[in-house]
Amino acid sequence: MRRESPVVRAQEARVPTGNAGEVPAVTVRGLTKRFPDAVVYDRFDLDIPRGKLVSIFGPNGCGKSTLINMITGLIPIDAGEILFDGKPLRDTKFGYVFQNYREALFPWLRAIDNIDYPLKLMKLPKAERRTRTQRMVASLGVKIDLNRYPYELSGGQQQLVSVMRALVVEPQILFLDEPFSALDYEMTLFMRDQLQRIFVETGTTTVLVSHDLEEAVYLADRILLLSRRPASIADYVRYDAARPRSDATLSQHDFVRVKAHCLEVFQREVRKG
Amino acid sequence: MKPIRLDPYLPIIGVLGLVAVWYLAVWYQIVDPVLLPSPVDTFRALWNGIAGGRLGFDFMRTLERTILATLIAAAIAIPLGIALGSSERVYRSVEFVVDFFRSTPASAMFPLFLVLFGVGDKTKVSVAAFGAALVILFNVAYGVMNARKTRLLAAKVMGASRLRVLTDVMLLESLPQTFVGLRNGVSLALVIVVVAEMFIGSTDGLGQRVFEAQQLFAMPDMYAAIFAAGGLGYGLNLMFLLVERQFVHWSGK
């Protein structure tokens, strides 16, 4: 049974969430996932629009990370269908950035070889790997000594290396699981703008799981607000402020309004539990 | 006035202290001089023994046996440890057996190995290899099993096959723990080799040297052989630490 599309429901919200002319990069239909102690998703539907940055926000433990882990095949699903441009996961190039960069990077490889690694898995010859890596580093304007080992870099630099490792394959879609939550505030602000710059420059469809509402709204074209378990779409809010956004954006009327709306939805969902 | 930095010299203090106490004990005859020769006599025996005497030869024999035992142990235990560690179910099914034999004193195996290999070098080396192998096996399996999940997922999400995850991530992840196993293994191998040299019809080796010196009441020679054994153990440990620092530069970081 096809249920009402979440996008349509979202349109009824007070904040504009229209989807006119958007082509979905990812379609999730009838997704069901049970953990031994709880049903996390029950016939869940979602469209992730192409070329947009979608933030996922919701109550603790509602399954934000689980969602992107299922989409990327890290966790098996119990039922449902997930398609990338109508194709299954294995025909799709995607990048994934973990929260814990310390444990996600390979400490036995230099930063440059970490970035190289996914290209090595694609069996590209060394010369081509180096060219691609260097081209990407240059286009991002990254100023890190990439001949160092990860443990010789700061937390922010390590996470930037992780992001580059995810981007070097030129993915159709990039997933980030709370990528900045292990960084201090100063570094978080810096990394937000790095991510925004990367998004503007590459236009890669991006899905960001965040536990910080300000960050979620600041970076997003769409904010996906999830309910408590079993997770459903509480709202799918649109935020259209021009890029690049800056500190000034944070005090603009539109930003404040969208953030307040998201907070209201979030609080409502939290109280339901 | 600038204070003198003592920190780098602190380890020497213990050595000097020990020698001083030793001297005093000999000087005031607190211990029977027959049982405790002076430090000078002992170090002279050590020097003469190493430079041209029997002790140098025995030292090399013990070193050979220990290294050989450790190499055999590593060659068997590392691949097995990886196989065990990469499958939790396999590991759990043999965990008790491994743990049981790891806890069994290897010296209790001497009679069995004597029956199997006779009184030659084979027995000494194989008992030592047996003991060391179980220690190494346990550590390697532990290292593989405790590979950071995120790192394995990272490789998987980038499209690495199961074999690539094993060779590119798990093996390297387990290296620090493997070296812990190797260091413990080589120490245990040395203990077993020295004991075997004492009691299993040996004609050379540090264990035999210590035992023989004691039988002949050549106390300076006995102490010299003990120090040589200590130096060997310390040196082997240090060597593995240096190799580890070279190969596993990320360890503990």
Side-chain angles (χ1 to χ4, degrees), chain A residues 65 68-76 89-111 113-124 148-153 158 161-169 171 173-179 182, chain B residues 74 78-79 81-82 85-89 92 139-183 240-253:
Chain A
S65 299
I68 66 168
N69 287 343
M70 286 188 296
I71 294 176
T72 52
L74 285 177
I75 306 179
L89 174 71
R90 62 174 175 277
D91 298 330
T92 308
K93 261 194 284 179
F94 64 93
Y96 192 113
V97 176
F98 292 85
Q99 175 185 353
N100 192 339
Y101 47 84
R102 262 181 215 292
E103 295 197 353
L105 289 173
F106 300 144
W108 47 85
L109 297 180
R110 295 174 190 281
D113 295 319
N114 264 285
I115 300 172
D116 236 25
Y117 184 73
L119 297 177
K120 206 168 147 188
L121 287 178
M122 289 162 63
K123 297 190 175 70
L124 291 185
R148 286 173 176 270
Y149 287 99
Y151 54 79
E152 297 173 315
L153 302 174
Q158 289 182 48
V161 170
S162 296
V163 173
M164 289 194 284
R165 181 174 72 174
L167 284 174
V168 76
V169 297
I173 180 162
L174 175 66
F175 296 89
L176 304 106
D177 185 9
E178 301 198 8
Chain B
I78 291 177
I82 291 163
S86 50
S87 161
E88 206 185 319
R89 299 186 66 194
R92 280 223 303 272
N139 276 287
V140 173
Y142 193 79
V144 172
M145 269 190 308
N146 285 288
R148 309 287 169 93
K149 292 281 172 293
T150 310
R151 222 160 261 156
L152 302 177
L153 285 180
K156 191 185 162 200
V157 90
M158 287 187 278
S161 64
R162 282 194 63 173
L163 184 67
R164 286 305 287 262
V165 172
L166 180 72
T167 56
D168 291 358
V169 187
M170 271 193 184
L171 284 189
L172 288 145
E173 273 283 283
S174 66
L175 264 191
Q177 194 66 34
T178 301
F179 268 94
V180 171
L182 284 174
R183 267 190 290 133
F240 273 96
L241 264 182
L242 290 178
V243 173
E244 178 179 353
R245 211 164 292 168
Q246 198 64 36
F247 271 95
V248 198
H249 54 85
W250 66 90
S251 180
K253 283 173 180 159

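Residue numbering restarts at 1 for every chain, and letters A, B, ... go by the order of the sequence lines.
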**Study point:** Exam field: side chain Gln158(A) to backbone Leu153(A), donor-acceptor pair closer than 3.5 Å
**Key:** yes
Review point. Under a 4.5 Å heavy-atom cutoff, which of Asn69(A), Leu109(A), Leu105(A), Val97(A) has the most pairs with chain B?
Key: Leu105(A)
Review point. Which one, Lys120(A), Arg165(A), Gln99(A), leads in non-hydrogen pairs under 4.5 Å with chain B?
Key: Arg165(A)
Check your understanding: In residues 161-170 of chain B, which residues are in contact with chain A at a heavy-atom separation under 4.5 Å?
Key -> Arg164(B), Asp168(B), Val169(B)
Review point. Relative to chain A, which of Val248(B), Leu153(B), Val157(B) shows the most heavy atom pairs under 4.5 Å?
Key: Val157(B)
Review point. Looking at residues at least two apart in the chain, or sitting in another chain, which of them share a ring pair (Phe, Tyr, Trp, His ring centres under 6.0 Å) with Tyr149(A)?
Key: Tyr151(A), His249(B)
Review point. What part of Phe175(A) is in contact with chain B, defined as an atom under 4.5 angstrom from a non-hydrogen atom: side chain, backbone, both or neither?
Key: neither
Exercise for review: Scan Asn139(B), Leu171(B), Thr178(B) and name whichever one has a side-chain contact (heavy atoms from CB on, under 4.5 Å) with Ile78(B).
Suggested key: Thr178(B)
Check your understanding: Within a reach of under 6.0 Å around CZ of Arg183(B), are more than 12 heavy atoms found that belong to other residues, nucleotides or ligands?
Key -> yes
Exercise for review: Would you mind telling me which of Arg148(B), Lys149(B), Arg151(B) has the largest number of heavy-atom pairs within less than 4.5 Å of chain A?
Suggested key: Arg151(B)
Point to revise | Arg90(A) portion near chain B, given a 4.5 angstrom heavy-atom threshold | key: neither
Review point. Partners of Tyr96(A) by ring pair (Phe, Tyr, Trp, His ring centres under 6.0 Å), sequence neighbours excluded?
Key: Phe98(A)
Practice item. Could you pull out all residues at least two apart from Trp250(B) that satisfy ring pair (Phe, Tyr, Trp, His ring centres under 6.0 Å)? Key: Trp108(A)
**Study point:** Check: Glu103(A) main-chain N/O paired with Asn100(A) side-chain donor or acceptor under 3.5 Å
**Key:** yes
